Amino acid sequence: MVLYHGSYLAVETPDISYSREKVDFGKGFYTTPIKEQAVRWSVRFKRKKGKSIVSVYEIDELELFQTSKILKFETYSDEWLDFILACRRGQNTSNYDVVIGGVANDKVFDTIELFFENLIDKKEAIERLRYEEPNFQYCFRTQSVIDKYLKFTSSEVF
């Protein structure tokens with residue numbers, strides 16, 4: 001399987017110590033199987049850093065799933081929303097190696113913010129999100145899994 005990471009530099013050896021804590025799936029190295037999604041993310045850096053680069057990785061997904069602790073959200077759901085909420089508040093204590101699921105992109109984030117601010121309830125938030133097609137992300141949360149499975153193959157400037 002091929003995964004992509006958008007940034008302002010090529011990331012040949014990902015290091016989660018540079019990751020932020022209070023994001024969708026917690027501290028980790030974020031990738032996506034959707035190249036266009038990585039390109040859109042990398043272009044956000046172009047204004048500030050002057051560069052837009054997508055790094056490309058290969059991974060043996062079957063081996064990863066057989067040997068690692070994985071949490072996968074197939075759709076936006078109550079469980080996904082609860083997990084995002086806990087991670088963004090810095091309250092997630094789970095020990096998953098990899099978390100896979102939908103991205104809280106701009107449209108999705110607007111709904112999540114309404115929920116976080118108690119302007120809509122969880123049922124309304126999930127109802128709004130069910131019309132959104134998930135943009136999948138793979139969050140690698142342990143350095144040992146990154147080092148073992150995520151193999152850098154190339155990078156491309158946009």
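For this chain, numbers begin at 1 and follow the sequence in order. Everything numeric here is computed off the predicted structure, so don't read it as measured data.
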Practice problem: Please identify each residue that fulfils ring pair (Phe, Tyr, Trp, His ring centres under 6.0 Å) with Tyr138, with sequence neighbours left out. | Solution: none
Quiz item: Phe152: what forms a ring pair (Phe, Tyr, Trp, His ring centres under 6.0 Å) with it, not counting sequence neighbours?
Solution: Tyr57
Quiz item: Who pairs with Ile70 by side chain to side chain contact (heavy atoms under 4.5 Å, CB included), at least two apart in sequence or on another chain?
Solution: Leu64, Phe65, Ser68, Val98, Ile100
Practice problem: Tell me whether Val11 is reachable from Val145 by hopping between hydrophobic residues (I, L, V, M, F, W, Y) whose side-chain heavy atoms are closer than 4.5 Å. | Solution: yes
Self-check item: Lys35: partners by salt bridge (Lys or Arg N to Asp or Glu O under 4.0 Å), with sequence neighbours left out
Solution: Glu156
Quiz item: Residues two or more places apart in sequence or in another chain: which of them pass side chain to side chain contact (heavy atoms under 4.5 Å, CB included) with Thr153?
Solution: Val56, Glu58
Practice problem: Hey, could you give me the CG/CG distance between Leu150 and Asp60, rounded to the nearest 0.5 Å? | Solution: 12.0 Å
Quiz item: Of the non-hydrogen atoms in Ala125 and Phe115, which two are nearest, and what is the gap between them?
Solution: CB-CB, 4.1 Å
Quiz item: Residues two or more places apart in sequence or in another chain: which of them pass salt bridge (Lys or Arg N to Asp or Glu O under 4.0 Å) with Lys72?
Solution: Glu74
Practice problem: For residues 139-150, pull every pair meeting side chain to side chain donor-acceptor pair (under 3.5 Å), keeping only residues two or more places apart or in separate chains. | Solution: Thr67-Tyr149, Asn92-Arg141, Ser94-Arg141, Asp97-Thr142, Gln143-Asp147
Quiz item: In this structure, are over 12 heavy atoms from other groups packed under 6.0 Å from Lys51 atom NZ?
Solution: no
Quiz item: Do Ser55 side-chain atoms and Ser155 backbone N/O form a donor-acceptor pair below 3.5 Å?
Solution: no
Quiz item: For the side chain of Trp80 and the backbone of Gly101, is there at least one donor-acceptor N/O pair under 3.5 Å apart?
Solution: no
Quiz prompt | Cluster link Ile16 to Phe140, ILVMFWY, side chain under 4.5 Å | solution = yes
Self-check item: Lys151 atom NZ, neighbour heavy-atom count above 12 within 6.0 Å
Solution: yes
Quiz prompt | Phe29 and Thr31, any side-chain heavy atoms less than 4.5 Å apart | solution = yes
Self-check item: side chain to side chain contact (heavy atoms under 4.5 Å, CB included) partners of Glu36, counting only residues at least two apart
Solution: Ile34, Arg40
Quiz prompt | Minimum heavy-atom distance between Gly28 and Ser19, given as atom pair plus value | solution = O-OG, 2.7 Å
Practice problem: For side-chain contact (heavy atoms from CB on, under 4.5 Å), just list the numbers for Phe73 and Glu79, CA-CA rounded to whole Å, side-chain angles, deciding distance to a tenth of an Å, and then say yes or no. | Solution: CA-CA 8 Å; Phe73 297 102; Glu79 295 78 19; 4.0 Å; yes
Show me, pair by pair, the donor-acceptor contacts under 3.5 angstrom made by side chains of residues 1-8, not counting sequence neighbours?
residue : atom : partner : partner atom : Å
His5    : ND1  : Tyr30   : O            : 2.7

Exercise. Flag yes if Leu62 and Leu71 sit in one hydrophobic cluster, no otherwise; membership is Ile, Leu, Val, Met, Phe, Trp, Tyr, and two members link when side-chain heavy atoms are under 4.5 Å apart.
Key: no
Exercise. Evaluate the side-chain proximity of Arg88 to Val23: yes if any heavy-atom separation is below 4.5 Å, no if none is.
Key: no
Exercise. Hey, can you tell me if Tyr96 and Phe83 have their rings parallel, tilted or perpendicular (30° and 60° cut-offs)?
Key: perpendicular
Quiz item: Are Val54 and Phe136 connected, step by step, through hydrophobic side chains (Ile, Leu, Val, Met, Phe, Trp, Tyr) whose heavy atoms are closer than 4.5 Å?
Solution: no
Practice problem: Hey, could you give me each pair passing salt bridge (Lys or Arg N to Asp or Glu O under 4.0 Å) that has a residue in residues 10-23? Not counting sequence neighbours. | Solution: Glu21-Lys27
Exercise. Could you walk me through whether Leu114 and Arg128 pass the side-chain contact (heavy atoms from CB on, under 4.5 Å) test, one step at a time?
Key: CA-CA 11 Å; Leu114 291 171; Arg128 290 180 182 200; 3.1 Å; yes
Exercise. Just jot down the side chain to side chain contact (heavy atoms under 4.5 Å, CB included) partners of Arg89, sequence neighbours excluded, or say none.
Key: Leu85, Gln91
Quiz item: How far does CD of Gln37 sit from OG of Ser42, to the nearest 0.5 angstrom?
Solution: 11.5 Å
Quiz item: Under a single-linkage rule joining Ile, Leu, Val, Met, Phe, Trp and Tyr whose side-chain heavy atoms are separated by less than 4.5 Å, which residues share a cluster with Val157?
Solution: Ile53
Practice problem: Using a strict cut-off of less than 4.0 Å between a Lys/Arg side-chain nitrogen and an Asp/Glu carboxylate oxygen, indicate whether Lys123 and Asp78 qualify as a salt bridge. | Solution: no
